[in-house]
There are 2 protein chains.
Amino acid sequence: MADRRPARTAPDTRHVSDDALRQLVGFNIKRAMNVIAGDLRTTLTPFELRMVTYSALTLIGDNPSLSQAQLAAALSVERPNLVNVIEELAGRGLISRDRVPTDRRTNALRLTTQGARLLAQATEAVRAHEAQLLDGIDPADIATLRAVLGRIERNGTERI
Amino acid sequence: MADRRPARTAPDTRHVSDDALRQLVGFNIKRAMNVIAGDLRTTLTPFELRMVTYSALTLIGDNPSLSQAQLAAALSVERPNLVNVIEELAGRGLISRDRVPTDRRTNALRLTTQGARLLAQATEAVRAHEAQLLDGIDPADIATLRAVLGRIERNGTERI
DNA sequence: TATTGTTATACTCTATAACTATA
DNA sequence: TATAGTTATAGAGTATAACAATA
């Protein structure tokens, strides 16, 4: 009779319970966020944008002549972390960065025509990506999701 | 009449609109996650735990003799990133890490008595922290939140 | 030939201190 | 004295390649 040896070792597929972690709403939010961030990265790659550069473009588009300090506050990031982001977007010709005559410390950030066009294209892709993630979910439940997330944000004690 | 010069420059408090970003569910989830992560960090600091060490302890407690590879999969992190986490928890005497006789490649991870006690204390604090974040929210809406987050997670295409 | 745990490495994100120029 | 933008730096978190031991 022939040898019957396991030619290889199967990966350990025994079921692992994460029920205790799943009881925590924060854990479920983190897992959903991981999935969203991964998908969004893929969605933005063709535009050579990251989450932070896309968010910055959106805020600059909505608030022309925004300063970097204002943008940092709106994005909840520290000012130094924004310098390279701004440098990247300006270097690609997507935003202009003009010194303000009345306060020569500050930069007025604005979308260029090219930046506005790229933002419009990226936004269309992001909206489509969101629609896919939310596919099959009752719009009323999505409204509830928004309301609950907003309430959690306000209930938090950390300055973010 | 006295000089009236602005002694200092007030920070730029002009209102910045983030309405466009707020339309994206992903952005709202990210903001809520930032608040939760910040609060959770504060909650876990007295126990000298981080989110990943707390999650690891919880999973080990629920799945005694878990291997590092299984734990990494359950936490959605790569195996190399778990080595220092395990080293930290074992070094503090919170978990044991025993070679398995039937497969001497793998480690069987278990909570020590001390680890189980710390986990119980930390879990109590985390639950209280969650209750504060969810204060005033209709339990039915929280159930909807869980359901929608789970659906988003399953709708995602990225391997997480 | 494949898996476990590990080492080394690198890249991103984020936070703080301190500098300059401006106010 | 304080703010805007910047530089330098450090710490997390995360990802890949490759190794020795083991299956």
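Please read all numbers here as calculations on a predicted model, not as lab measurements. Heavy-atom basis, side chains included; hydrogens, waters and symmetry copies ignored.
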Visitor: Does any part of the side chain of B:Leu134, heavy atoms only, come nearer than 4.5 Å to the side chain of B:Glu130, both counted from C-beta?
Guide: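 Side chain of B:Glu130 against side chain of B:Leu134, heavy atoms only: contact under 4.5 Å found.
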Visitor: Rounded to whole angstrom units, what separation is found between the CG atom of A:Asn81 and the P atom of D:dA10?
Guide: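 A:Asn81 atom CG is separated from D:dA10 atom P by 15 Å.
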Visitor: Ignoring hydrogens and angles, does a donor from either the side chain of A:Arg105 or the base of D:dT3 sit under 3.5 Å from an acceptor on the other?
Guide: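 Check passes, donor-acceptor contact within cut-off.
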Visitor: Would you mind checking if B:Arg146 and B:Glu153 are paired as a salt bridge, meaning a charged N to carboxylate O distance below 4.0 Å?
Guide: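 Salt bridge absent between B:Glu153 and B:Arg146.
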Visitor: Would the base of D:dA4 count as contacting A:Asp103 through its side chain, where contact means a donor and an acceptor less than 3.5 Å apart?
Guide: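 Side chain to base: no pair below 3.5 Å.
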Visitor: For the pair made of CG in B:Leu89 and C1' in C:dG5, what is the distance, rounded to whole Å?
Guide: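 About 16 Å, once rounded to whole Å.
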Visitor: Does A:Gln68 reach a base, just sugar-phosphate, or nothing at all? Heavy atoms under 4.0 Å.
Guide: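 Here A:Gln68 touches the backbone only, sparing every base.
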Visitor: Can you pull the salt bridge (charged side-chain N to carboxylate O under 4.0 Å, His left out) pairs that have at least one residue in residues 80-102 of chain B, sequence neighbours excluded?
Guide: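 Matches after skipping sequence neighbours: B:Arg50-B:Glu88, B:Glu87-B:Arg97, B:Asp98-B:Arg110.
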Visitor: In whole Å, I'd like the distance from the CE atom of B:Met33 to the P atom of C:dC13.
Guide: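 Whole-Å distance recorded here is 17 Å.
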Visitor: Within this structure, what is the CG-to-P distance between B:Leu49 and D:dG13, rounded to whole angstrom?
Guide: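 Distance, rounded to whole Å: 12 Å.
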Visitor: Rounding to an integer number of Å, can you tell me how far A:Glu87 CD sits from D:dA8 P?
Guide: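 In whole Å, D:dA8 P and A:Glu87 CD are 13 Å from each other.
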Visitor: Which sits closer to the 5' end of DNA chain C, A:Arg104 or B:Leu66, going by the nucleotide each is nearest to?
Guide: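 Final value for this comparison: B:Leu66.
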Visitor: Hey, is the side chain of A:Arg97 poking within less than 4.0 Å of OP1 or OP2 on D:dT6, counting only N and O atoms?
Guide: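 True: A:Arg97 side-chain N/O within range (under 4.0 Å) of D:dT6 OP1/OP2.
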Visitor: Roughly how many Å is it from CG in B:Leu82 to P in D:dA15, rounded to a whole number?
Guide: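 My rounded result for the distance is 13 Å.
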Visitor: Whole Å only: how far is the CG atom of A:Asn84 from the P atom of C:dA15?
Guide: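 Taking atom P of C:dA15 as the reference, CG of A:Asn84 is at 15 Å.
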Visitor: Quick one: on DNA chain C, does A:Glu78 or A:Pro101 contact a more 5' nucleotide (nearest heavy atom)?
Guide: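 Taking each residue's closest nucleotide, the earlier one in sequence belongs to A:Glu78.
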Visitor: Can you confirm whether A:Arg22 is buried at CZ, in the sense that more than 12 heavy atoms of other residues, nucleotides or ligands lie under 6.0 Å from that atom?
Guide: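 It does: A:Arg22 CZ has more than 12 such atoms within range.
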Visitor: Determine whether more than 12 heavy atoms belonging to other residues, nucleotides or ligands lie under 6.0 Å from atom CD of A:Glu48.
Guide: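 Atom CD in A:Glu48 is not packed in, count stays at 12 or less.
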Visitor: Rounded to whole Å, please give me the gap between CD in B:Glu88 and P in D:dG11.
Guide: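 It is 15 Å, rounded to the nearest whole Å.
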Visitor: Is the distance from OP1 or OP2 of C:dT4 to the nearest side-chain N or O of B:Gln70 less than 4.0 Å?
Guide: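 B:Gln70 to C:dT4 OP1/OP2: no side-chain N or O under 4.0 Å.
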Visitor: Between B:Arg79 and D:dA15, is there a side-chain N or O to OP1/OP2 distance below 4.0 Å?
Guide: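 So the side-chain polar atoms of B:Arg79 never come under 4.0 Å of the phosphate oxygens OP1 or OP2 of D:dA15.
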Visitor: Hey, which of these two, A:Lys30 or A:Arg99, hits DNA chain D nearer its 5' end, going by closest nucleotide?
Guide: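 Result: A:Arg99.
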Visitor: A:Pro80 side chain: which of C:dA17, D:dG13, D:dT16 is closest?
Guide: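 The closest nucleotide is C:dA17.
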